Amino acid sequence: MAQETLPKSYEPAQVEERWYAYWEREGLFTADPAGKGPAYSIVIPPPNVTGQLHMGHALNNTMQDIMCRYKRMLGYEVLWMPGTDHAGIATQNVVERQLASEGKTRHDLGREAFIERVWEWRAEYGGKIINQLKRLGSSCDWSRERFTMDEGLSKAVREVFVRLYEEGLIYRGDYIINWCPRCHTALSDLESEHEEVKGGLYHIRYPFKNGKGYLVVATTRPETLLGDTAVAVNPDDPRYQELADDMVLLPLIGRELPIIRDSYVSTDFGTGALKITPAHDPNDFMIGQKHGLESLRVMDDNGTINQAGGPYAGLDRFEARKVMLADLEKQGLLEKQEDYLHSVGHCYRCKTMVEPILSKQWFVKVGPLAEEALGAVRDGRTKIVPAQWEKTYYEWMTNIRDWCVSRQIWWGHRIPAWFCSCGELIVSRTTPEKCPACGSSELTQETDVLDTWFSSALWPFSTMGWPDQTPELSKFYPTSCLVTGFDILFFWVARMMMMGLKFMGEVPFTDVYIHALVRDASGQKMSKSKGNVIDPLIVMDEFGTDAFRFTLAAFAAQGRDIKMSEERIAGYRNFVNKIWNAARFTLMNLGEDEPGQLPEEPTLEDRWILSRASRVAQEVGRAIEEYRFNEAASTAYQFVWHEFCDWYLELAKGPLYDDSDRKRQEATRAVLAEVYSRLLRLLHPFMPFVTEELWQRLPGSEGSIMKAPWPGDHDDQIDPQAEHDMGLVMEVIGAVRNIRGEMSISPGKVVPVVLSASDDGALEVLKAQAARIQSLAKTQELAWTKEGEQPAKSAGAALSEVNVFVPLEGLVDFSAEEARLEKELAKLDKEITPSRKKLTNQGFLAKAPEAVVAKEKAKVAAAEDKITRLKESLVRVQSFR
RNA sequence: AGGCACGUAGCUCAGGGGGAGAGCGCCACCCUGACACGGUGGAGGUCCCGGGUUCAAAUCCCGGCGUGCCUACCA
């Protein structure tokens, strides 16, 4: 019967590829908008086309895949919408780098040819990240794969832009924006990342025009003084109530600047006098507007001082700073400089220091949109998990500023706006033929493109065909859940909320699950420069995808970062192998035949394992639904390894190997097959590959495990009595094993065991299970004695309802046994002390709930009973010493 | 400057008002007919510190200390 059906250990490589191809071929990932099941939908956070699978993707997509596979097994019609993001700046950078290696710039090609080149790049490399997601096992509906630059999505972008413009929610104007001098584009506030930088605070003398001394101004960016158009002091500052003059001369340049008074200036920072550079600082811009000051831009798009900078024109901004400070020093105008730590914006793409510059840009007026988006979370239409992120979301949404959406790059959705020589601005869904104002056909389209996040914000509905009314939208919108990292809560989630509510009139998703970051083993953020990156693809090669996915799930506790190390993955690789070997055992014993029906009269271990399997499936299901992936994973792990493998398989060996009782043997096979089948299904969302492989080998299984039902519906098999009785048996076996271990009795030695029980029920159970106890504890035929009596010269254990004795004269070292008993007594005593104290506390007896008091009493009684019995044993042992 | 999280076994962390848990590591024994990527047994904790609430606090509240992270226009 026991023939070799599987190799001794699991080899993931071929298995994974084969089953993924099978799933795709069978169309098992495809969502049907006309499907009967209730809808469950997720849109993937689209990775950048330039992306390479990293730990963050792996975690994020593993979670989505767990949800989707689980829901499919429950009978939902599942749509997991995949795709990629055109990632404007990042992609443009990649292609520009490629050009640079050919000695060219994008300007050599010109706009159209460059864009052509990006598409070519995408055709060649854009599928990489998608294939890597497939490697992970992601069950996305690839037939619907989208790209943010696709025609359909572009149409959605234009529609949204035009409608927002028409409603006055998009405007164009001159404001201070964050400019990246390297990427040559404006950035939104979010794309400017603040970082602490060691700089200087420079105190510069601005001479009064009348020559009577000077006003000292403090600044961190002295080079911008070229653009100063005023100096401001606080009107209440006692130091500046009476000034020598109301005009100063701009150092190095000599331009006359008015001294203005504005309460914005703080009196307790620097010198209390503030230089005003409206074209290069947001606050100065505001003050400038208020006081009608001129805005003088002194830097060009490269961060180089322009013609307005006079003698400094042509110098790079950092060079200019150095030169100007030297000149100020020379002229005695640099009063002092001190080290100063402050946070400065950096481009989130290239880390270049961002320059605040006055510029004409397009903005989304987010106030009204944010209001709606705020409300939808407040009233629970969208739930953010874990809930602490809701606070962060509120915080940001309430203090939100208008969103600069124009970018001065070439790769992206070109803004659908045209300028006429007559000055008319036309915003339109389609390319206009002529100017509605003057009739001219000399129209030029805006050269700016939109922020990539503008199109991502539409993702949940643009991917489903909006603005058309599609079956996909009616079946799958709003989506059920969005799974993402907190780092794009504002960038993406918040904006999808705004756009979804605005254009669909409904939230884009009912749940948002925010997961943590994957770090290295010591808690450091993984980064190429630190060299501590663990590459998921290498990990999957080495340990198998299933082990990797399970590791991610097992460590994904809400609100805590995941510290990843190969050692940990190896641990779960062992688990996969354990499953493999449990299958090996199961399949060897099942043979070729389809397993029969579950027995009418199951044994205790059958009832127990069915009960446990039923409970565990429910617990795991509940945990998945509540995004407690770690609990789901560890519940499954615990059950499979420590209940099914450690106990059930061992117990089942008895009847399986006993050819004298064919009926029992068949019955056991049936239970084994059933529980094993459930266990595979239970694990499938976490470990899709190995479970499919084993499922296909299970006699009687039909089709893919993906379509098998989730094993959560077996309430009728939950059997507390069986669980209790089995507990008793386990306890006895444990006690014998403990005595063996502690007394150094060799594992091969078959020992005699004598049992007694105070309770008839317990006694009956143990007698019925004698054969199992005998085999798992390696004992001779069990002997029985009356409660209160014990065999001479034995080691003993006092269990809750049972006494266990191992009479082994010659093998038991009595002083060792004495020590063991004393240790046991001390442990019990320590354990029970808090309960004893409680029971002497009048307050406790009076105020604690009755059930709690009863429980404490029972606890103490049980412990004391054990103590009595142990002491009897102790006295006896001592008498032999 | 504000906000949020975290501090539990050697390590990594679950748990979250009434019996201190897991994985890995460690110690001992064992290649028992699924698995040495394994089995059996064992050792190991002032649940950061100090107050408070409560009959009862690792758990709730306040205050420290420490560690991360996020947001912010004070030059």
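Chain A is the first sequence line, chain B the second, and so forth, proteins listed ahead of strands; every chain is numbered from 1. Because the structure is a prediction, the values reported are computed rather than measured. FYI, side chains are in, hydrogens and waters are out, and symmetry mates aren't considered; it's all heavy atoms of this structure.
A sub-4.0 Å separation between OP1 or OP2 of B:G38 and a side-chain N or O of A:N574 is present. Contact annotation: A:Y340 side-chain N/O to B:A75 OP1/OP2 distance is under 4.0 Å. Taking side-chain N and O atoms only, A:K859 has a distance below 4.0 Å to OP1 or OP2 of B:G19. Side-chain N/O atoms of A:K275 include none lying less than 4.0 angstrom from OP1 or OP2 on B:A75.
Partners of A:E731 according to the side chain to side chain contact (heavy atoms under 4.5 Å, CB included) rule, which considers only residues two or more places apart in sequence or in another chain, are A:L728, A:L799, A:S800.
When heavy atoms are screened at a 4.0 angstrom cut-off, A:T219 is found touching the sugar-phosphate backbone but no base atom. Contact annotation for A:E742: backbone-only contact, meaning every heavy-atom pair under 4.0 Å involves sugar-phosphate atoms and none involves a base. Nucleic acid contact for A:P849: base, since at least one base atom lies under 4.0 Å from a heavy atom of the residue.
Side-chain to base pairing of A:Y264 with B:C73: one donor and one acceptor N or O lie within less than 3.5 Å of each other. You won't find any donor-acceptor pair under 3.5 Å spanning the side chain of A:K8 and the base of B:C35, going by distance alone.
A:D402 contributes atom CG, which lies 14.0 Å from atom CD1 of A:I177 (distance to the nearest 0.5 angstrom).
For A:R737, the listed nucleotide lying nearest its side chain is B:G41; candidates were B:A43, B:G23, B:G41. Considering only side-chain atoms of A:K578, the nucleotide from B:G39, B:A72, B:G41 that sits closest is B:G39. In this structure, the nucleotide among B:G18, B:C30, B:C70 sitting nearest to the side chain of A:P747 is B:C30. In this structure, the nucleotide among B:A72, B:C35, B:G39 sitting nearest to the side chain of A:N577 is B:C35. Side chain of A:W641, nearest nucleotide from B:G19, B:G38, B:C73: B:G38.
Going from atom CG of A:L776 over to atom C1' of B:G41 covers 15 Å, rounded to whole Å. In this entry the distance linking CZ of A:F548 with P of B:C37 reads 23 Å, nearest Å. Distance, A:M743 CE to B:G41 P: 17 Å, rounded to whole Å. If you take CG of A:L679 and P of B:C35, they are 18 Å apart, rounded to a whole angstrom. Distance, A:Y676 OH to B:C35 C1': 12 Å, rounded to whole Å. Residue A:F269 contributes atom CZ, which lies 7 Å from atom C1' of B:C74 at whole-angstrom precision.
Judged by distance alone, the side chain of A:R740 and the main-chain N or O of A:K749 form a donor-acceptor pair under 3.5 Å.
Of the candidates A:F686, A:F629, A:F555, A:F543, A:F686 is the only one forming a ring pair (Phe, Tyr, Trp, His ring centres under 6.0 Å) with A:F550.
Pairing for B:G2 is with B:C70, a Watson-Crick or G-U wobble pair whose two hydrogen-bonding atom distances lie under 3.5 Å. Nucleotide B:A36 has no partner under the Watson-Crick or G-U criteria, as no pair reaches both atom distances under 3.5 Å. Across all strands shown, B:G17 forms no Watson-Crick or G-U wobble pair with both key distances under 3.5 Å.
In terms of position on RNA chain B, the residue among A:A218 and A:N841 whose nearest nucleotide sits closer to the 5' end is A:N841.
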(message) At under 4.0 Å between heavy atoms, how does the protein contact nucleotides 8-15 of chain B? Give one character per nucleotide, 5' to 3', with B, S or -.
(response) ----SSS-
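Here the closest heavy-atom approach between residue A:I176 and residue A:F285 is recorded as CG1-CB, 3.5 Å.
Between A:Y572 and A:Y637, the ring centre distance stays below 6.0 Å.
Between the side chains of A:E191 and A:S188, at least one donor N or O lies within less than 3.5 Å of an accepting N or O. Looking at A:D659 and A:Q665, their side chains do bring a donor and an acceptor atom within 3.5 Å of each other.
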